[in-house]
Amino acid sequence: MRKVLISLARMGWVRAALIIGGLTTAGVAVATAQGPAAPAGVQKVRFGGDRNETRVVIDLDRAAAGKLISDGMSDQRLVMALPNVLVSGDLQGTGQGLVKRWVIDEAAGGARLRLDLAGKAEVRRRFLLPPGDGASAYRYVIDLKAVEGASAAPNTPRLTVASGPVKAAPLRMKKVIVIDAGHGGKDPGSLGANVFEKDVTLAAAKALKERLERTGRYQVVLTRETDTFIPLESRVQIARRADADLFISMHADSGPDTSTRGASVYTLSDKGTDRVGLVLEKDDWLMKANAPGRDRAVSQILLDLSQRATKNRSAAFAQLLLANVSQETTLLRRSHRDAGFIVLLAPDVPAVLLEMGFITNPDDEAFLTTKSSRARLVGAVADSIEAYFSAGLRKS
């Protein structure tokens, strides 16, 4: 295994991505220089076809693999991950045929393509083309076909039209924020003088959801909306299946000394990354291990790089969060901490656990259970989210 890892490191990152995606062919030239190759970058997005069949072509400066996250059949929004692909800012524009609009933005470990479809369509094929036939770029091709029975315009083929990246805001798709109200149901959490932690976290989560949705810029998912018990691993899977851009777990601290008070934020510790298997499903693209040994090693490399990028993004958001929350309430002396909490283990979703204060402290309990002060706190969290995406800090 050690020899395999050394060989993969010498092959470079791009070759590793091709192996794991099953795209290595004799027709694709791959650099074999010492050390990891620079990540691929998006050059432009092009479309061709009509409302019956549409081709999407992503021009890249070198080879890359793709992973289909959502096929668009249920909600007419296709999502595909492009690991190890760079994108400068959020690229977006209008589509053609079956595609109404498109966005490519940063996601953990690379870029993410999102297509807003004009109707129900299926992905017929996906493949990578090397430079050739007058094209100097690598081309990642996605062929879409309208689902039988869905409305489609007459089959009038059109010439392929280049659609260059546009950095305007009107077509931006909403960022997905998952808010996790800690504890719930048979797990009440800590007990203050008058209230259980599970009730405080649910009230704060609902208030934050309402605040974010008012902006019209976010799709907000709650891991629980009532007093129910949700296993910790399930909370992580909710975020991953939602293709979340950010995960925030809300809690209230406790301690034997009632004079201890203050908010703090946890991000994943280095030791915690070793526990990622607890939250990944067996068929997860990062954990497939039923192939030859070399492919298992590539999977581990992909996982390590994805975790590293996600930890950096989580830490960046944590700093913003502490700066804003400190304007509304007291912070613990060591306010940024790390731990291996299960809810922080997603390798591809930036995540923090916010301890909003000590429920065992009278002042903090009053702050967290009063509607007006709770609104100020969730306002600070919302401001942190706005700053995180506005400043592009997700692109560590």
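The structure presented is a predicted model; accordingly, all values stated were derived computationally and were not measured. Numbers here simply count residues along the sequence, with the first being 1.
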Tell me whether [X] is salt-bridged to [Y], with the criterion being a basic N under 4.0 Å from an acidic carboxylate O.
{"X": "Asp143", "Y": "Arg124", "answer": "no"}
{"X": "Asp71", "Y": "Lys120", "answer": "no"}
{"X": "Arg101", "Y": "Asp116", "answer": "yes"}

Nearest heavy-atom neighbours spanning [X] and [Y]:
{"X": "Ala146", "Y": "Leu98", "result": "N-CD1, 3.6 Å"}
{"X": "Ser190", "Y": "Ser254", "result": "OG-OG, 2.9 Å"}
{"X": "Ala111", "Y": "Val87", "result": "CB-CG1, 4.1 Å"}

Look up atom [atom1] in [X] and atom [atom2] in [Y], then write down how far apart they are to the nearest 0.5 Å.
{"X": "Ile142", "Y": "Leu78", "atom1": "CD1", "atom2": "CG", "result": "6.0 Å"}
{"X": "Leu115", "Y": "Gln76", "atom1": "CG", "atom2": "CD", "result": "12.5 Å"}
{"X": "Ile230", "Y": "Asp187", "atom1": "CD1", "atom2": "CG", "result": "11.0 Å"}
{"X": "Phe127", "Y": "Tyr140", "atom1": "CZ", "atom2": "OH", "result": "10.0 Å"}
{"X": "Leu222", "Y": "Thr226", "atom1": "CG", "atom2": "OG1", "result": "10.5 Å"}
{"X": "Asp199", "Y": "Leu368", "atom1": "CG", "atom2": "CG", "result": "12.5 Å"}

- Kindly write out the residues that satisfy side chain to side chain donor-acceptor pair (under 3.5 Å) with Arg214, not counting sequence neighbours, or none if the list is empty.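 None.
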- Query: Listed by chain and number, what are the side chain to side chain donor-acceptor pair (under 3.5 Å) partners of Ser249, not counting sequence neighbours?
  - Reply: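 Residues passing side chain to side chain donor-acceptor pair (under 3.5 Å) with Ser249: Asp180, His251.
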Results of side chain to side chain contact (heavy atoms under 4.5 Å, CB included) for [X] - residues two or more places apart only:
{"X": "Pro231", "result": "Phe229, Glu233, Ser234"}
{"X": "Lys311", "result": "Asp270, Thr273"}
{"X": "Ser70", "result": "Asp75, Val79"}
{"X": "Asp363", "result": "Arg261, Asn361"}

- Task: I would like to know whether Leu212 and Ile177 meet side-chain contact (heavy atoms from CB on, under 4.5 Å); could you show each step before the answer?
- Result: CA-CA 9 Å; Leu212 290 173; Ile177 313 298; 4.2 Å; yes
State, with a plain yes or no, whether a side-chain heavy atom of [X] is found less than 4.5 Å away from one of [Y].
{"X": "Ile359", "Y": "Leu191", "answer": "no"}
{"X": "Val103", "Y": "Leu91", "answer": "no"}
{"X": "Trp102", "Y": "Arg114", "answer": "no"}
{"X": "Leu377", "Y": "Val325", "answer": "yes"}
{"X": "Arg139", "Y": "Pro131", "answer": "no"}
{"X": "Ile58", "Y": "Val42", "answer": "yes"}

- Message: Regarding Tyr138 and Gln43, do their side chains bring together a donor and an acceptor under 3.5 Å, going by distance alone?
- Response: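 No, Gln43 and Tyr138 have no side-chain donor paired with an acceptor closer than 3.5 Å.
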- Task: Evaluate the ring planes of Tyr388 and Phe317, with Trp represented by its six-membered ring, and classify them as parallel (under 30°), tilted (30 to 60°) or perpendicular (over 60°).
- Result: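 Ring orientation, 0 to 90° scale: perpendicular.
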Identify all side-chain donor-acceptor contacts of residues 334-342 below 3.5 Å with residues at least two apart in sequence or on another chain.
{"unit_1": "His336", "atom_1": "ND1", "unit_2": "Gln319", "atom_2": "NE2", "d": "2.8"}
{"unit_1": "His336", "atom_1": "NE2", "unit_2": "Thr267", "atom_2": "OG1", "d": "3.0"}
{"unit_1": "Arg337", "atom_1": "NE", "unit_2": "Arg334", "atom_2": "O", "d": "2.8"}

Is it true that [X] and [Y] fall in one hydrophobic cluster, defined by side-chain heavy atoms closer than 4.5 Å?
{"X": "Val195", "Y": "Leu354", "value": "yes"}
{"X": "Val45", "Y": "Leu68", "value": "yes"}
{"X": "Leu202", "Y": "Ile179", "value": "no"}
{"X": "Met250", "Y": "Leu331", "value": "yes"}
{"X": "Ile238", "Y": "Val349", "value": "yes"}

- Query: Yes or no on side-chain contact (heavy atoms from CB on, under 4.5 Å) for Met356 and Val200, after CA distance, side-chain angles and deciding distance?
  - Reply: CA-CA 10 Å; Met356 299 179 287; Val200 169; 4.0 Å; yes
Determine yes or no for a side-chain-to-main-chain donor-acceptor pair under 3.5 angstrom, with [X] supplying the side chain and [Y] the backbone.
{"X": "Glu365", "Y": "Thr360", "value": "no"}
{"X": "Arg224", "Y": "His183", "value": "yes"}
{"X": "Arg46", "Y": "Arg55", "value": "no"}
{"X": "Glu355", "Y": "Asp253", "value": "yes"}

- Which residues satisfy the ring-ring contact (aromatic ring centres under 6.0 Å, His included) test with Phe247, sequence neighbours excluded?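 If we apply the ring-ring contact (aromatic ring centres under 6.0 Å, His included) test to Phe247, skipping adjacent residues, there are no hits.
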- Taking it one step at a time, do Glu53 and Lys145 satisfy salt bridge (charged side-chain N to carboxylate O under 4.0 Å, His left out)? CA-CA 4 Å; Glu53 296 186 6; Lys145 182 176 177 59; 3.2 Å; yes
- Message: Looking at Phe367, I want to see if its CZ is surrounded by more than 12 non-hydrogen atoms of other residues, nucleotides or ligands under 6.0 Å.
- Response: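 Count over threshold, so yes.
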- Task: Report the residues that fulfil salt bridge (Lys or Arg N to Asp or Glu O under 4.0 Å) with Asp227, sequence neighbours left out, ordered by chain and then residue number.
- Result: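 If we apply the salt bridge (Lys or Arg N to Asp or Glu O under 4.0 Å) test to Asp227, skipping adjacent residues, the hits are Lys198.
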- Residue pair Val178, Thr223: steps toward the side-chain contact (heavy atoms from CB on, under 4.5 Å) verdict: CA-CA 7 Å; Val178 173; Thr223 58; 3.8 Å; yes
- Item | Pairwise side chain to side chain donor-acceptor pair (under 3.5 Å) hits with a residue in residues 370-379, at least two apart |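 For residues 370-379: Glu328-Arg376.
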- Tell me who clusters with Leu332, hydrophobic residues only, linked when side chains sit under 4.5 Å apart either directly or through other members.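 Same cluster as Leu332: Phe358.
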- Evaluation steps, side-chain hydrogen bond (donor to acceptor under 3.5 Å, both in side chains), between Thr310 and Asp348: CA-CA 6 Å; Thr310 300; Asp348 46 6; over 6 Å; no
With a 3.5 Å cut-off and sequence neighbours excluded, list the donor-acceptor pairs that the side chains of residues 203-211 form with protein atoms.
{"unit_1": "Lys206", "atom_1": "NZ", "unit_2": "Glu225", "atom_2": "O", "d": "3.2"}
{"unit_1": "Lys209", "atom_1": "NZ", "unit_2": "Glu213", "atom_2": "OE1", "d": "3.2"}
{"unit_1": "Lys209", "atom_1": "NZ", "unit_2": "Glu213", "atom_2": "OE2", "d": "2.8"}

- Could you walk me through whether Val343 and Leu353 pass side-chain contact (heavy atoms from CB on, under 4.5 Å), step by step? CA-CA 8 Å; Val343 292; Leu353 186 149; 3.9 Å; yes
- Query: Would Arg112 and Asp245 satisfy salt bridge (charged side-chain N to carboxylate O under 4.0 Å, His left out), going step by step from the backbone distance to the final call?
  - Reply: CA-CA 11 Å; Arg112 173 179 54 191; Asp245 295 284; 2.3 Å; yes
